[in-house]
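Have a look at the structure below, then the notes.
Letters A, B, ... are given to chains in the order of the sequence lines, protein chains preceding strands, and every chain is numbered from 1. Note that the coordinates shown come from a computational prediction; the quantities given were computed from them, not determined experimentally.
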There are 2 protein chains.
Amino acid sequence: MARARQKNGKDRHQEILEAAARVITERGLADTRIQDIAEQCSVSPGLILYYFESKDRLLVEALTYSNDRYYLAQARDLRRLDSARDQLWRLIDLSVPGLLPDFERLEEWALWIEIWVRALRDPALAKEREVLDRRWRQSIADIVRLGRTTSEFAEGEDADEIGMKLGALIDGLAVQVLMNDTQVGPVHMQRMCQEVAASLIGFELEPATSA
Amino acid sequence: MARARQKNGKDRHQEILEAAARVITERGLADTRIQDIAEQCSVSPGLILYYFESKDRLLVEALTYSNDRYYLAQARDLRRLDSARDQLWRLIDLSVPGLLPDFERLEEWALWIEIWVRALRDPALAKEREVLDRRWRQSIADIVRLGRTTSEFAEGEDADEIGMKLGALIDGLAVQVLMNDTQVGPVHMQRMCQEVAASLIGFELEPATSA
DNA sequence: CTCCGAGTTGACTGGTGATTCAAAGACGGG
DNA sequence: CCCGTCTTTGAATCACCAGTCAACTCGGAG
């Protein structure tokens, strides 16, 4: 009774969600039409509505689905590093839009802003947003806690508090970098995040900032 | 030849722009219809298009117009205070969504997020955004410079750099407060901003945080 | 080989909303 | 009072798009 799959192993649901995320990134949530998503999948518009109850539901699902994927990829990436300091630096690098060619994050930040706008009026999405956001701050706080158990970092301010501050800083700067602000480029953002992180956690930066 | 004004002294342009800003805040940029704006002004939809070339232009103008008004009001408010420290604390208070009953800023932050989303795809608005954003960071940096000339603050990191960091932190936290995040309320945001400001500029916080 | 149902299509419906436009005020100057 | 111009109206136009639906495909079960 297993649902027949199409050529590639993927599920149509996922395929559509990914296509939707791509279209939203390109055209913006407000200008995304069902037709566009259908074209991304090379299927007919009718099929999209066969798999999703409505356009609205699909879009919201696409936003959170996509964010989730990015988060998991990031978590996997960080887990490979032993040192808390390395993890923190890596997390910053991964968060800077357009810093790492392979892992640009441009797409994700654009989607994240769309989530904000929509969450203002969509209570269900608002709840989702809070969960996703908490997880993100948490991952920073966890790195701080890790560093303290291994004595890489000294004890100090509450780790969750640091997570909120650093998380908010990264959010704010990422928006500006994403907007191509001429005064806040990726490398500049990276340095500022490192400086604030060092100050919040309480360690010295080496003179030669790690790339 | 002066254009005839209507009953109240206001210009139709302004009246429409303000109405548009109100509607955008309520319904969101994407769901704002010309009809809604017309109703806010108690005029017919046709008139809106008589004063503005197109809905798109009107909306973009409304966003920047509104931001401008808020900024000027804030600048006027700050100028009344002599001490740099007071100015900085006031700026923070004014920035926290929903902290001061009279000056909620909820509306402004919501519009600001709409600007971000739209600026991603509208080069003209993107340029506007950068100007507005720079001015905002600048006003923080100016307070730091003021405090240094009056020796309230010690010399230290470049003031513009501090402006970017603190500005980004406020942006990031404001979004969360605006979203009604259960872990980041207005008072909490206020305290975190004060702590980071004190640390960046280099002064001690009094034990009893000023309300 | 035939039947069945999930998967898929694309034409169709309905509603919506921006924009246009011709006609109708309103108002100051002559 | 009459005229011309600036405002304002509301109906008409026009395009667009979400969602519906009847028909078609196709692979597997019997």
- Would you please name every residue forming a salt bridge (charged side-chain N to carboxylate O under 4.0 Å, His left out) with Asp68(A), sequence neighbours left out? Arg135(A)
- Query: Rounding to a whole Å, what distance do you find between Glu39(A):CD and dT8(C):P?
  - Reply: 17 Å
- Does dT8(D) have OP1 or OP2 sitting under 4.0 Å from an N or O in the side chain of Tyr50(B)? no
- Query: Quick one: do the Ser66(B) and Glu108(B) side chains pair a donor with an acceptor below 3.5 Å?
  - Reply: no
- Measure from NZ or CZ of Arg134(B) to the centre of the six-membered ring of Trp136(B) and say whether it is under 6.0 Å with the direction within 45° of the ring axis. no
- Query: Would you call Gln87(B) and Leu146(B) a side-chain contact if the rule is heavy atoms closer than 4.5 Å?
  - Reply: yes
- Message: Output the rounded distance in Å from CZ (Arg27(B)) to C1' (dT16(C)).
- Response: 12 Å
- Task: Could I get the full list of side chain to side chain contact (heavy atoms under 4.5 Å, CB included) partners for Ser199(B), not counting sequence neighbours?
- Result: Ser199(A)
Tabulate atom names and distances for all N/O pairs under 3.5 angstrom spanning the protein and nucleotides 18-25 of chain C.
| unit_1 | atom_1 | unit_2 | atom_2 | d |
| --- | --- | --- | --- | --- |
| dA18(C) | OP1 | Lys55(B) | NZ | 2.9 |
| dA18(C) | OP2 | Ile34(B) | N | 3.1 |
| dT19(C) | OP2 | Lys55(B) | N | 2.9 |

- What pairs with Val131(B) under side chain to side chain contact (heavy atoms under 4.5 Å, CB included), at least two apart in sequence or on another chain? none
- Could you list the residues that satisfy side-chain hydrogen bond (donor to acceptor under 3.5 Å, both in side chains) with Asp181(B), not counting sequence neighbours? Arg129(A), Arg137(A)
- Message: From CG of Asp36(A) over to P of dA18(D), roughly how many Å is that when rounded to an integer?
- Response: 8 Å
- Specify the separation, in whole Å, of atom CD1 of Ile48(A) and atom C1' of dT20(D). 15 Å
- Whole-Å gap separating P (dA18(D)) and CG (Leu58(A)): 11 Å
- Query: Are the side chains of Ile37(A) and Leu58(A) in touch, meaning some heavy atoms are under 4.5 Å apart?
  - Reply: yes
- Message: If we ignore hydrogens and angles and just use 3.5 Å, is the side chain of Asp31(A) paired with the main-chain N or O of Gly28(A) as donor and acceptor?
- Response: no
- Item | Global bending angle along the helix from dC1(C)-dG30(D) to dG30(C)-dC1(D), which compares the axes of five pairs at either end, to 10 degrees | 10°
- Phosphate OP1/OP2 of dT8(D): any Arg12(B) side-chain N/O under 4.0 Å: yes
- Specify the separation, in whole Å, of atom CG of Leu47(A) and atom C1' of dA18(D). 15 Å
